[in-house]
Amino acid sequence: MSDRSSRRRRQADPYFVARGAGGQLGDMWGQHDVAVVLGSGWGEAVAALGEVTEEMPAATLPGFMAPTVEGHGGSIASVLAGERRVLLFRGRVHLYEGHSPHDVVHGVRVAEAAGCKSIILTNAAGGINSSYHPGLPVLLTDHINLTGLSPLSGPAPPPPRSVRFVDLTEAYSHRLRQIAKEVDPEVGEGVYAGLQGPHYETPAEIRMLMAMGADLVGMSTVLECIAARHLGMEVLGVSLVTNVAAGLSDDLLDHEEVLAAGQDAGSRVGALLRGVIDRL
Ligand code: HPA
């Protein structure tokens, strides 16, 4: 293969692009300890997290897309939280925006390349479990990936992570969940079903998810978790229940309600994130 075609192939390889972007980030802002991905409605949590020392549009770095949904910010920040350096992703890209699984998990791979050994994936979710209420943070014990997709299909991952058959027996870290429960003993725990969306579910689909053992439903997180585990990162997943899932209450679902529930719970979920980061 010529030098030029091998360079072109590497430039199109998502692992190579992520490694390059992570290296660039490290050169600009130094190494980070932990990454946090903020889901819809989690923006209010930033104030409790620490001091934002740097921030830039995510699309400044190679491989990032400009997000299309209002309320999904699309920036990367460096936050000093006590002793820890946090790489904060405000907003994420979703499959429903037409992006590929590799695009969706790009931030996770960049965070790992920038030194992060653990990642906190947050999201907004509909509550299926009848003991949940809007405003409740719920720790993910596991997920059901109903997207039909994997971030590990496609080009072979490079060494030292060339094995793509990743064990997901403990996709979400038991250790990090214990820490989170010490910080906020009232949080819920449950299984998250990840669908493509962007439409909300039908009541029949929610009954199906309930029968499958799902407690929460949303449109993100599952692919990011898989990519993080592939890289050996420890994952904490936290959903903020923003609504009762379709058909389980008399209410209809609406995106504004999802964002508003996040605003109301901002200080609680912010304190939860900061408490976990302090104890890592
Ligand atoms: N379903 C799917 N995704 C969601 C929901 C929901 O009810 N609420 C917030 N994100």
Side-chain angles (χ1 to χ4, degrees), residues 29 32-58 67 69-94 107-108 111 116 118-127 132-140 172-173 176-177 179-190 192 216 218-221 224-225 228 233-243 255-280:
W29 295 350
H32 288 75
D33 305 300
V34 51
V36 174
V37 179
L38 289 186
S40 348
W42 279 75
E44 298 297 314
V46 177
L49 209 55
E51 183 199 348
V52 176
T53 56
E54 309 276 1
E55 185 149 18
M56 65 182 172
V69 178
E70 205 187 318
H72 296 221
S75 77
I76 304 179
S78 182
V79 179
L80 196 56
E83 309 266 284
R84 305 261 185 263
R85 303 213 49 206
V86 181
L87 195 60
L88 178 70
F89 293 86
R90 290 205 220 218
R92 49 157 63 92
V93 291
H94 298 84
V108 174
C116 298
S118 43
I119 188 161
I120 304 179
L121 300 171
T122 72
N123 60 53
Y132 299 164
H133 56 83
L136 182 74
V138 180
L139 308 175
L140 273 53
Y172 298 87
S173 160
L176 295 185
R177 272 207 308 286
I179 294 175
K181 284 191 280 186
E182 279 168 30
V183 176
D184 186 342
E186 304 301 316
V187 291
E189 286 190 284
Y192 176 92
L216 300 152
M219 306 173 191
S220 67
T221 305
E224 291 152 84
C225 172
M233 299 170 94
E234 229 181 342
V235 179
L236 178 68
V238 193
S239 288
L240 179 65
V241 177
T242 51
N243 56 280
H255 184 60
E256 292 307 317
E257 177 195 17
V258 168
L259 297 179
Q263 291 217 326
D264 294 345
S267 60
R268 178 176 183 184
V269 293
L272 173 63
L273 294 182
R274 175 62 192 262
V276 170
I277 290 165
D278 283 342
R279 290 166 179 76
L280 280 177

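One is the number of the first residue; the rest follow in order along the sequence. In this text the structure is predicted, and so the values were computed from the model without any measurement.
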**Q** Run the salt bridge (charged side-chain N to carboxylate O under 4.0 Å, His left out) test against R85 and tell me which residues pass, sequence neighbours left out.
**A** none
**Q** A81: what forms a side chain to side chain contact (heavy atoms under 4.5 Å, CB included) with it, not counting sequence neighbours?
**A** V86, R274, I277
**Q** Identify the two heavy atoms, one from S220 and one from H94, that lie closest to each other, and give their separation to 0.1 Å.
**A** CB-CD2, 4.0 Å
**Q** Under 3.5 Å, side chain of Y132 to main-chain N/O of N243, donor-acceptor pair present?
**A** no
**Q** Please determine whether side-chain contact (heavy atoms from CB on, under 4.5 Å) holds for the pair T122 and V269, giving the CA-CA distance in whole Å, both sets of side-chain angles, and the decisive distance to 0.1 Å.
**A** CA-CA 10 Å; T122 72; V269 293; over 6 Å; no
**Q** Could you tell me whether the side chain of R84 and the main chain of V79 form a donor-acceptor pair under 3.5 Å?
**A** no
**Q** Which of these passes side-chain contact (heavy atoms from CB on, under 4.5 Å) with R90: V46, V37, I76, V36?
**A** V46
**Q** Could you walk me through whether H133 and V241 pass side-chain contact (heavy atoms from CB on, under 4.5 Å), step by step?
**A** CA-CA 7 Å; H133 56 83; V241 177; over 6 Å; no
**Q** If I compare all heavy atoms of S239 with all of Y192, which pair ends up nearest, and what's the gap?
**A** OG-CD1, 3.5 Å
**Q** With sequence neighbours excluded, tell me which residues meet side chain to side chain contact (heavy atoms under 4.5 Å, CB included) with E186.
**A** D184, R268
**Q** Just so I know, are the side chains of L216 and L140 near enough to count as touching, which here means a heavy-atom distance under 4.5 Å?
**A** yes
**Q** Please name all residues satisfying side chain to side chain contact (heavy atoms under 4.5 Å, CB included) with V183, sequence neighbours left out, ordered by chain then number.
**A** L272, V276, R279
**Q** Suppose we screen for side chain to side chain contact (heavy atoms under 4.5 Å, CB included). Which residues come up paired with M233, at least two apart in sequence or across chains?
**A** V108, A111, E112, C116, I119, A228, L231
**Q** Could you tell me which non-hydrogen atom of A77 sits nearest to which non-hydrogen atom of V52, and how far apart they are?
**A** CB-CG1, 4.0 Å
**Q** Taking side chain as C-beta onward, heavy atoms only, is W42 less than 4.5 Å from V238?
**A** yes
**Q** By side chain to side chain donor-acceptor pair (under 3.5 Å), which residues pair with E182, not counting sequence neighbours?
**A** none
**Q** Please test L121 against C225 for side-chain contact (heavy atoms from CB on, under 4.5 Å), starting from the C-alpha separation and ending with a verdict.
**A** CA-CA 8 Å; L121 300 171; C225 172; 4.0 Å; yes
**Q** How would you list, by chain and number, every residue that makes a side chain to side chain donor-acceptor pair (under 3.5 Å) with T221, sequence neighbours excluded?
**A** N123
**Q** If you take all heavy atoms of L273 and A45, which pair is closest and at what distance?
**A** CD1-CB, 4.3 Å
**Q** Walk me through whether L280 and S118 qualify under side-chain contact (heavy atoms from CB on, under 4.5 Å).
**A** CA-CA 9 Å; L280 280 177; S118 43; 4.0 Å; yes
**Q** List for me each residue that meets salt bridge (charged side-chain N to carboxylate O under 4.0 Å, His left out) alongside E54, sequence neighbours excluded, and say none if there are none.
**A** none
**Q** What distance separates E44 CD from S267 OG, expressed to the nearest 0.5 Å?
**A** 9.0 Å
**Q** Between CE of M56 and OG of S78, what distance do you get to the nearest 0.5 Å?
**A** 9.5 Å
**Q** Does F89 have any ring pair (Phe, Tyr, Trp, His ring centres under 6.0 Å) partners at least two apart in sequence or in another chain, and if so, which?
**A** none
